[in-house]
Amino acid sequence: MIGKLLKWTIRIACVLVGLIVLLLVAGFFVVNSTSFQQKLLQRTTSLLEDKLQTNIQIDSVSIDLWTLDAELYRLCVEDRQQRKMLQMDYLKADVDIWPLLNRKLRISEAKVKGLHAELHHMPHDSIDSIANYQFVIDAFKKDPHQTSPREGSGHSPSGEKKGGSLTFIMNKFTAEDIQVSYNNYTFSLGKLLYTQKRRKKTNIAIEQLSAQWDRTNKKGWQVTNDATIGQLLLHNENNHWLVDINNLHFRNDNHHPRKNAGRPKRGFFDAEHFNAYANLKADLDYVKGDSVHGRLTHFTARDTIMGIDIRNLQTTFSYNKKRIFFHDFAVRQIDTELSFDKGYLVLPSKKQGRTLSFRTSTITGRTILKDISRTFAPVLSGFTMPLNLSVRFSGNANSMTFSNIKVFTDNKQLAVAAHGNINNLKDKYKLHVHFDIDRMVADGGITETVIKQFPVKRFMMEQLHALGTLHYRGSFNVLWKKEEFQGNLGTRAGVMKFYFAIDENNKYLSGNASTEFLEIGQVMDMDDIGPVAATATFKIDISKPRTAIMRKRLGGKLPIGEMKAHVSRASYKFISTKDLDIQIVSDGAVAEGNLNAAGKWVDLSCTFSFTNTSEMHKIKVKPKAKLHLFDKSTEKKKMDPAEQEALRKRKQEEKEVINAVKQRVKAEKKRLRAEQKQAEAEQRAAVKAAKEQRKAEEKQRKAEEKAARKAAKAASKATDH
């Protein structure tokens with residue numbers, strides 16, 4: 001009896017289980033059926049439309065409850081102005097079932113195609129003063145006054161304990177044909193592939209990522225900007241990122257001619273006409289929150305129109321939201337290499353009242369100025385002389401400071417020590433460039449070699465050669481439409497002070513010069529003329545149109561302008577004189593001059609002319625004399641002994657003054673030679689120290705690379721095991 005009862009009980013139980021399984025299977029089939037899912041889709045769409053108060057369209061969905069796979073086709077959401085705000089052609093998600101038992105939501109694969117979004121938020125526009133997507137945020141935003149059923153109990157509304165939320169894991173994600181517009185910004189993505197093989201190993205590949213936006217500059221012009229990345233590869237393992245960016249292209253255009261269009265002597269740099277291509281590789285060994293540390297291992301950038309050509313840039317950097325620190329910074333152009341040990345860049349912040357600023361340690365390197373000729377100064381296009389340099393650099397958004405500047409050639413014939421600054425960078429009308437030349441030595445024929453690097457007409461080169469080694473100390477200023485140069489120049493022929501200015505508005509070069517002792521005859525190849533003490537002013541026409549007219553009319557090779565000079569002491573052959581007034585006027589073909597010397601008994605004067613500064617010995621002179629009229633008693637009057645003694649004393653005093661000036665010139669030359677020797681010794685020591693430092697850095701770099709390879713090899717072996 002008991003056996004029969006147990007038997008029937010088991011049979012009934014089996015029947016009930018079978019019925020339940022049958023109902024579940026039938027339910028799954030019903031839920032998985034197309035008709036049921038379409039009804040569910042219509043109901044869900046209706047609920048969303050009521051919730052969002054806008055039109056929503058979904059062509060179809062497909063949900064497989066056996067595998068938890070879902071597909072959605074052609075979604076369209078309108079904003080409150082009946083504009084298509086969001087469109088998506090295809091969405092797919094494959095969810096793994098079993099990880100849900102361990103509270104892990106794992107999506108083995110997700111795919112999005114054809115996602116287009118039109119977002120608007122114009123603060124000053126009447127229609128879009130509120131973002132057109134704000135209603136979606138408001139619809140699903142939690143009411144701050146709403147409290148959970150068990151608030152304060154330490155449990156969620158569903159009864160789950162805090163901290164019991166699902167862990168989200170994405171193994172593979174693909175996105176194709178993505179376009180997002182926000183006001184006047186447009187972003188597009190050709191393809192994105194995200195894969196995560198293990199939890200701490202991630203790969204991301206992005207193709208054809210681009211952004212376009214417009215802005216209005218200070219002149220009210222619309223500037224179109226376009227940035228594109230051909231390929232972006234990211235590899236992350238244990239928070240160690242490798243970044244590789246290929247074919248980065250940035251282009252902008254203000255739809256107006258370049259600012260230096262029609263000015264062949266101006267550079268091609270224009271911040272609103274970029275067309276640059278770049279490639280980048282970086283190794284980020286620490287990425288957390290707002291802190292990043294890594295090394296830029298490779299960077300190239302080129303803009304063929306502007307002439308920008310960075311062959312490589314490398315540096316170790318650290319970023320902490322406020323500052324970027326640089327270490328072992330090195331940049332190479334075609335024939336230029338510059339580097340510095342460390343520096344920093346302070347990032348601006350209006351909220352925290354922080355402004356942009358930067359500073360570097362001593363920058364050292366070797367440069368050929370031709371590398372920057374097209375970008376900034378076409379006049380340097382023939383400057384192929386290598387220059388060694390070192391400088392400390394600092395500044396902010398409106399000024400730059402250069403200190404401890406040293407520039408010298410390989411043969412040490414040219415050496416410059418200077419410091420300076422550039423102020424008012426934001427206002428070209430107030431821009432002020434000022435540099436003090438603490439010491440400059442130009443030995444031998446280096447001065448002529450430097451001048452020959454420039455495509456300019458050369459005047460008085462023979463006279464320049466006759467000056468010998470040049471020692472200069474002074475300063476120069478660059479202002480709006482004006483340049484100024486001044487200082488003391490020591491030469492083999494004497495010492496002079498000078499000042500000259502270039503007026504870019506009126507196109508004139510003007511200035512003055514003075515000397516207490518200058519062997520002008522030696523300089524001008526006129527041996528009969530001895531040392532002079534003089535002051536002079538000059539004005540030269542540098543206008544190309546005006547000069548071209550005179551050249552066409554008269555020909556000639558001379559500069560066009562005039563000079564006035566007062567010679568306090570001079571000598572010609574065996575005759576010594578003083579207080580000479582000279583005036584020279586040149587029309588470009590012929591320079592004509594007048595010389596006047598007032599005497600006690602007679603006024604001497606002459607006119608002269610020349611056509612070539614290289615052949616001053618061919619100068620044509622026409623002397624003149626004017627006698628003073630005296631009465632007979634005065635003519636016959638003899639000089640008494642007191643007057644003779646006074647005349648003798650006056651001549652003796654003049655002789656002593658000339659000797660004193662000669663001694664001062666001799667002492668100045670000796671001092672300058674000593675400074676030159678000291679400068680050469682310092683340069684040799686600096687070059688030697690730089691070489692030793694480069695060797696040490698190279699040795700350290702090789703050791704670090706060796707250690708890194710060893711560590712990578714060890715890590716690879718550990719991973720394999």
Side-chain angles (χ1 to χ4, degrees), residues 260 262-267 377-382 428-429 431 433 447-448 450-465 467 474-487 489 496-515 518 520 523-524 534-567 580-596 607-616 618-621:
N260 290 329
R263 300 177 180 178
K265 290 190 176 182
R266 299 291 181 91
V379 71
L380 299 173
S381 60
K428 67 178 182 180
Y429 299 103
L431 180 70
V433 180
T447 308
E448 300 166 64
V450 171
I451 292 176
K452 289 178 181 178
Q453 304 283 304
F454 297 94
V456 295
K457 292 184 178 179
R458 303 175 183 98
F459 298 107
M460 304 183 73
M461 295 297 289
E462 290 79 5
Q463 290 80 359
L464 178 63
H465 180 74
L467 292 174
S475 64
F476 68 85
N477 294 280
V478 179
L479 307 168
W480 170 248
K481 296 285 187 178
K482 185 177 182 181
E483 295 88 37
E484 298 177 330
F485 301 84
Q486 59 186 350
L489 182 65
M496 69 179 73
K497 294 181 179 180
F498 70 87
Y499 166 85
F500 67 87
I502 301 174
D503 183 351
E504 296 286 358
N505 278 319
N506 301 308
K507 300 298 180 182
Y508 280 103
L509 168 65
S510 60
N512 59 73
S514 64
T515 179
L518 181 65
I520 189 69
V523 176
M524 303 301 293
T535 60
T537 60
F538 57 88
K539 187 176 183 180
I540 299 174
D541 194 340
I542 58 173
S543 168
K544 282 192 171 182
R546 293 195 298 260
T547 303
I549 293 173
M550 296 300 292
R551 290 276 186 265
K552 185 176 180 180
R553 184 188 305 168
L554 302 173
K557 299 179 180 180
L558 295 173
I560 300 172
E562 63 176 340
M563 184 199 73
K564 294 181 180 180
H566 176 76
V567 180
L580 303 178
D581 292 314
I582 303 174
Q583 182 177 11
I584 301 175
V585 178
S586 171
D587 60 8
V590 179
E592 296 180 342
N594 293 294
L595 184 150
N596 296 295
T607 60
F608 56 89
S609 63
F610 56 90
T611 58
N612 192 337
T613 56
S614 300
E615 299 176 346
M616 292 299 293
K618 295 182 180 180
I619 189 171
K620 298 178 180 180
V621 181

How would you list, by chain and number, every residue that makes a salt bridge (Lys or Arg N to Asp or Glu O under 4.0 Å) with K482, sequence neighbours excluded?
E484

Nearest heavy-atom contact between I540 and P559 is CG2-CB, 4.0 Å

Residue pairs fulfilling salt bridge (Lys or Arg N to Asp or Glu O under 4.0 Å) with at least one residue in residues 584-596, sequence neighbours excluded
none

For the residue pair L558 and S586, what are the closest heavy atoms and their distance?
CB-OG, 3.7 Å

D541 and T547 have their tightest heavy-atom pair at O-OG1, 4.0 Å

Here the pair of heavy atoms bringing I584 nearest to A591 is CG2-CB, 4.2 Å

Considering non-hydrogen atoms only, spot the tightest contact between W480 and K428 and give its length.
CE3-O, 3.6 Å

Does N506 have any side chain to side chain donor-acceptor pair (under 3.5 Å) partners at least two apart in sequence or in another chain, and if so, which?
D503

Tell me every residue that passes side chain to side chain donor-acceptor pair (under 3.5 Å) with K497, counting only those two or more places apart in sequence or in another chain.
none

When rounded to the nearest 0.5 Å, the distance separating CG of L509 from CD1 of I542 is 6.0 Å

Could you work out, with salt bridge (Lys or Arg N to Asp or Glu O under 4.0 Å) as the rule, every residue matching E504, not counting sequence neighbours?
K507

If you round to the nearest 0.5 Å, how far is CZ of F476 from CZ of F500?
10.5 Å

Which value, rounded to the nearest 0.5 Å, describes the distance between F485 atom CZ and N477 atom CG?
9.0 Å

The side chain to side chain donor-acceptor pair (under 3.5 Å) partners of D581 (sequence neighbours excluded) come to H566

CA sep, side-chain torsions, deciding dist, call: F498, N512, side-chain contact (heavy atoms from CB on, under 4.5 Å):
CA-CA 6 Å; F498 70 87; N512 59 73; over 6 Å; no

